[in-house]
Amino acid sequence: ATAAESALLAWARSRRDQVVALVNANNCDAAADAAMDIYNRAPSYFSSLILTDREVKPCLVYVNRQRARVERARAAKNANSTDTEAPSRK
């Protein structure tokens, strides 16, 4: 692994620890936000470890809801960027 990959993995692991701490504190909204940071920067780590993590499971509904929201926003942004703008009416 390159230094950048190692640094990203270390960051994702520490962020995961924060997610678990927030889950344990029953703060699922904040846990979902922290999980989205991982999803955005390290999607493979998110998919392989966060989604299957037993310690995250109590808040997984919140995490999945946030992920769906992010995906919808990305899809809308991509759709808007590929569409040509409609002519304005005067």
Side-chain angles (χ1 to χ4, degrees):
T2 66
E5 289 170 343
S6 297
L8 182 61
L9 188 58
W11 172 85
R13 284 185 183 133
S14 70
R15 198 68 176 137
R16 179 218 166 257
D17 292 342
Q18 290 176 323
V19 170
V20 170
L22 291 163
V23 170
N24 290 336
N26 277 336
N27 191 344
C28 287
D29 286 323
D33 288 342
M36 286 306 95
D37 289 345
I38 298 169
Y39 179 65
N40 289 323
R41 283 186 58 190
S44 59
Y45 183 91
F46 176 87
S47 298
S48 62
L49 295 169
I50 299 299
L51 291 179
T52 58
D53 193 324
R54 288 183 180 174
E55 291 182 273
V56 176
K57 190 174 182 178
C59 290
L60 197 56
V61 170
Y62 290 78
V63 171
N64 286 330
R65 187 182 308 144
Q66 272 296 75
R67 183 173 53 139
R69 194 175 292 147
V70 167
E71 287 298 319
R72 281 194 303 273
R74 277 188 191 158
K77 182 179 176 188
N78 290 342
N80 289 339
S81 67
T82 58
D83 290 346
T84 56
E85 289 189 25
S88 60
R89 291 184 177 177
K90 289 188 178 183

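Residue pairs meeting the disulfide (SG to SG under 2.5 Å) criterion with at least one partner in residues 34-63, sequence neighbours excluded, are Cys28-Cys59.
In terms of heavy-atom proximity, Arg41 sits nearest to Leu8 at O-CD2, 3.6 Å. Shown here for Ile50 and Ala35, the closest heavy-atom pair between the two residues is CG2-CB, 4.4 Å.
For the pair Asn40 and Arg74, the minimum side-chain heavy-atom distance is below 4.5 Å. Using a 4.5 Å heavy-atom cutoff, the side chains of Tyr39 and Gln66 are not in contact. By the 4.5 Å heavy-atom criterion applied to side chains, Arg13 and Tyr45 are counted as neighbours. With a 4.5 Å cut-off on side-chain heavy atoms, Leu51 and Asn64 count as touching. Contact of the Arg16 side chain with the Asp53 side chain is registered, since non-hydrogen atoms from C-beta on lie closer than 4.5 Å. Using a 4.5 Å cut-off on side-chain heavy atoms (C-beta onward), Thr52 and Lys57 make no contact.
Formation of a donor-acceptor pair under 3.5 Å by the Ser14 side chain with backbone atoms of Trp11 is found in this model.
Tyr62 pairs by the side chain to side chain donor-acceptor pair (under 3.5 Å) definition with nothing, not counting sequence neighbours.
Hydrophobic clustering keeps Val63 apart from Leu22 (ILVMFWY residues linked when any side-chain heavy atoms are closer than 4.5 Å, directly or through intermediates). No chain of hydrophobic side-chain contacts below 4.5 Å, direct or via other Ile, Leu, Val, Met, Phe, Trp or Tyr residues, connects Val61 to Phe46.
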